[in-house]
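Input: a single structure, listed below in structure tokens.
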Amino acid sequence: MTPKPAGPPDGGWGWVVAAAAFAVNGLSYGLLRSLGLALPDLAEHFDRNTQDTAWVSALALAVQQAASPVGSALSTRWGARPVVMVGGVLTSLGFVFSAFARSLLHLYLGLGVLAGSGWALVFAPALGTLSRYFSRRRVLAVGLALTGNGASSLLLAPTLQLLLDTYGWRGALLLLSAVTLHLAPCGALLRPLVLPGDPPARPRGPLAAFGLDLFARRAFLVFALGTALVGGGYFVPYVHLAPHALDRGLGGYGAALVVAVAAVGDAGARLVSGWLADQGWVPLSRLLAGFGALTGLGLLAVGLGCEGPLLAAAGAYGLSAGSYAPLVFGVLPGLVGLGGVVQATGLVMMLMSLGGLLGPPLSGFLRDKTGDFTASFLTCGSFILSGSFIYLGLPGALPSCPPASLPASQQATSPPPERGELLPTTQVALLSPGGSQSTRDTTC
């Protein structure tokens, strides 16, 4: 039998896993964010309105997130490595099928269902595996992996526009199928890791396999409700930021620049947010609520911006959204423990899909009714602000009584949250990944 390490290695092969998760994130969410550049071409080719074409990206996003618990359950049963490799192949096949589409229905099936199902098998297992490799630098590692979103958008937005101008949307999708096939070797790098506290047997029954029993925990239930509301607006810029810029008269490459600016801010903020969270100066739940609120305000600014102001608003949105992203996944080990982090990651993706499925079509509907995307971004920004308000119900999100410092002997040896210590219990240490800066929550 393979001996279990004392805890997460906090480095080593974990950095290879972080690089693989970086690529997985870039080839899933980064590609989805840039795919909005192709929607005007699809609307023109099939003679359909904005709302109809928005369902292409919305279905891909919704299937990817709604089916994420399936990817988590399969990963728990068979391991992350084969599941992610199969997901990469499915995603590539979805783009190949869509390149030969003769109607929007074919695109719904190809990009929405087939590619979305492939993405569902790659993201949660990759990110869940990464969380198991780190402890004190966990949020930084997650933030590093999630910068793949912004880095990929920065490269793919102008590249996709060039492909659309040169080869048309069919040729662009066919070339993207070859790019997404690189998800398979990324999955091969996800080496399994056995840790203390892992269940001795694989979970049996649907509740345990999909992690649905986690909803019995009050803190996770509050987190779930807030995350579902945030999902109603968070992904609208993935689909409609580029069309919004086109409506403002920026042109194809001007719209690509707006997407790229948001991507740069997003990527840089994820690293800074991860580093800040690992210092333990501010509780993770408080950072989550704060940066979530800033993301909602950023979307409001995007909706009201035009040309130059739109570029600045996109940058502000990218900074706030990037700061929020690693905290959503970094807080999970403190809520559910390392043993349930893969399943919890899948559930988070499913929760965000509830809003992700409705957000872009609602945005497209409002655009068709009003003639621009102003009302769309204002509405979706309100969803994010509402979810951020609910996050204030998490332990540590609001200041309570003055925390007492841990004894010196415990400060040096206290581990980060591995079993769900953020759950409210009497005389429990609320520990951030910073370790030595952790504080004790008292019964007050």
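Numbers here simply count residues along the sequence, with the first being 1.
The shortest distance between side-chain heavy atoms of Asp266 and Leu319 does not fall below 4.5 Å. The closest side-chain heavy-atom distance from Val272 to Ser323 is not below 4.5 Å. In this structure the side chain of Leu164 never reaches within 4.5 angstrom of the side chain of Arg170, judged on heavy atoms. You'll find the side chain of Pro237 stays beyond 4.5 Å of the side chain of Val302, heavy atoms only. Ile384 is not listed as a side-chain neighbour of Leu229, based on a closest heavy-atom distance of 4.5 Å or more. Within the 4.5 Å cutoff, the side chain of Asp278 has no heavy atoms near those of the Phe134 side chain. Inter-residue side-chain proximity for Thr147 and Leu144 is flagged as met; some heavy-atom pair is nearer than 4.5 Å. A heavy-atom distance below 4.5 Å is not found between the side chains of Thr129 and Val84.
In this structure, CG on Leu299 lies 9.5 Å from OG on Ser382, to the nearest 0.5 angstrom. One distance of note links CG of Leu225 with CZ of Phe215; it measures 10.5 Å at 0.5 Å rounding. Summarising the geometry, atom CG belonging to Leu190 is positioned 9.0 Å from atom CG belonging to Leu130; distances are rounded to the nearest 0.5 Å. Atoms OG and CE, from Ser68 and Met350 in turn, are 9.5 Å apart once rounded to the nearest 0.5 Å. With values rounded to the nearest 0.5 angstrom, Leu173 atom CG is found 7.0 Å from Leu35 atom CG. How far CG of Asp368 is from CZ of Phe365: 8.5 Å, rounded to the nearest 0.5 Å.
Using a distance-only test at 3.5 Å, with no hydrogens or angles considered, no donor-acceptor pair links the side chain of Arg270 to the main chain of Pro326. Within the 3.5 Å criterion, the main-chain N or O of Leu193 finds a donor-acceptor partner in the side chain of Arg132. In this structure, the side chain of Trp275 does not engage the main chain of Arg137 through any donor-acceptor pair within 3.5 Å. In this structure, the side chain of Ser92 does not engage the main chain of Val89 through any donor-acceptor pair within 3.5 Å. For the pair Ser98 (side chain) and Leu111 (backbone), a donor-acceptor distance under 3.5 Å is present. The backbone N or O of Ser320 lies less than 3.5 Å from a partner atom in the side chain of Thr295, making a donor-acceptor pair. Between the side chain of Ser285 and the backbone N or O of Pro395, at least one donor-acceptor pair lies under 3.5 Å. A donor-acceptor distance shorter than 3.5 angstrom exists from the side chain of Arg138 to the backbone of Ser131, with no hydrogens or angles considered. Under the 3.5 Å distance criterion, the side-chain polar atoms of Ser177 are left unmatched by any main-chain donor or acceptor of Val96. Within the 3.5 Å criterion, the main-chain N or O of Gly26 finds a donor-acceptor partner in the side chain of Ser152.
Screening Thr166, Leu163, Leu160, Thr159 against Leu175 for a side chain to side chain contact (heavy atoms under 4.5 Å, CB included) leaves a single residue, Leu163. None of Leu59, Leu114, Val113 except one satisfies the side chain to side chain contact (heavy atoms under 4.5 Å, CB included) rule with Tyr108; the exception is Leu59.
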### Task
Report the C-alpha separation of Leu42 and Arg48 in whole Å, then their side-chain angles, then the decisive distance to 0.1 Å, and conclude whether the side chain to side chain contact (heavy atoms under 4.5 Å, CB included) test is met.
CA-CA 8 Å; Leu42 297 177; Arg48 305 295 287 270; over 6 Å; no
### Task
Applying side chain to side chain contact (heavy atoms under 4.5 Å, CB included), run through Phe220 and Leu332 and close with a yes or a no.
CA-CA 9 Å; Phe220 186 77; Leu332 287 179; 4.1 Å; yes
### Task
For side chain to side chain contact (heavy atoms under 4.5 Å, CB included), just list the numbers for Asp52 and Leu104, CA-CA rounded to whole Å, side-chain angles, deciding distance to a tenth of an Å, and then say yes or no.
CA-CA 8 Å; Asp52 292 337; Leu104 273 184; 4.0 Å; yes
### Query
Which is it for Phe329 and Phe123 under the ring pair (Phe, Tyr, Trp, His ring centres under 6.0 Å) test, yes or no, and what are the steps along the way?
CA-CA 12 Å; Phe329 301 102; Phe123 185 81; 5.7 Å; yes
### Test side chain to side chain contact (heavy atoms under 4.5 Å, CB included) applied to Thr53 and Phe46, step by step
CA-CA 9 Å; Thr53 55; Phe46 293 108; over 6 Å; no
#### Entry: Worked verdict on Tyr391 versus Thr227 for side chain to side chain donor-acceptor pair (under 3.5 Å)
CA-CA 8 Å; Tyr391 284 148; Thr227 301; 2.8 Å; yes
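The number of heavy atoms from other shown groups lying within 6.0 Å of OH (Tyr167) does not exceed 12. Dense packing is recorded around NE2 of His45, with more than 12 heavy atoms of other residues, nucleotides or ligands lying under 6.0 Å away. Atom CZ of Phe383 has 12 or fewer neighbouring heavy atoms from other residues, nucleotides or ligands inside a 6.0 Å radius. In Phe389, the CZ atom is not crowded: 12 or fewer heavy atoms of neighbouring residues, nucleotides or ligands sit closer than 6.0 Å.
Gly88 and Val122 make their closest contact through N-CG1, 3.8 Å (heavy atoms, listed as atom of the first residue, atom of the second, distance). When all heavy atoms of Ala277 and Leu327 are compared, the closest pair comes out as CB-CD2, 3.7 Å. When all heavy atoms of Tyr133 and Arg191 are compared, the pair lying nearest together is OH-O, 2.8 Å. Pairing each heavy atom of Leu366 with each of Ser376, the nearest pair is CB-OG, 3.5 Å. Taking every heavy atom of both residues into account, Val236 and Cys380 meet most closely at CG2-SG, 3.2 Å. Nearest heavy atom pair, residue Ala124 against residue Ser72, reads CB-OG, 3.5 Å.
Using cut-offs of 30° and 60° for the angle between ring planes, the Tyr324 and Tyr234 rings count as tilted. Classified by interplanar angle (parallel below 30°, tilted 30° to 60°, perpendicular above 60°), the ring pair Phe97/His106 is perpendicular. Ring geometry, Trp119 versus Phe95: the interplanar angle exceeds 60°, so the pair is classed perpendicular (tilted spans 30 to 60°). Ring geometry, Phe373 versus His240: the interplanar angle falls from 30° to 60°, so the pair is classed tilted.
Ring centroids of Phe22 and Trp15 are separated by 6.0 Å or more, keeping the two rings apart.
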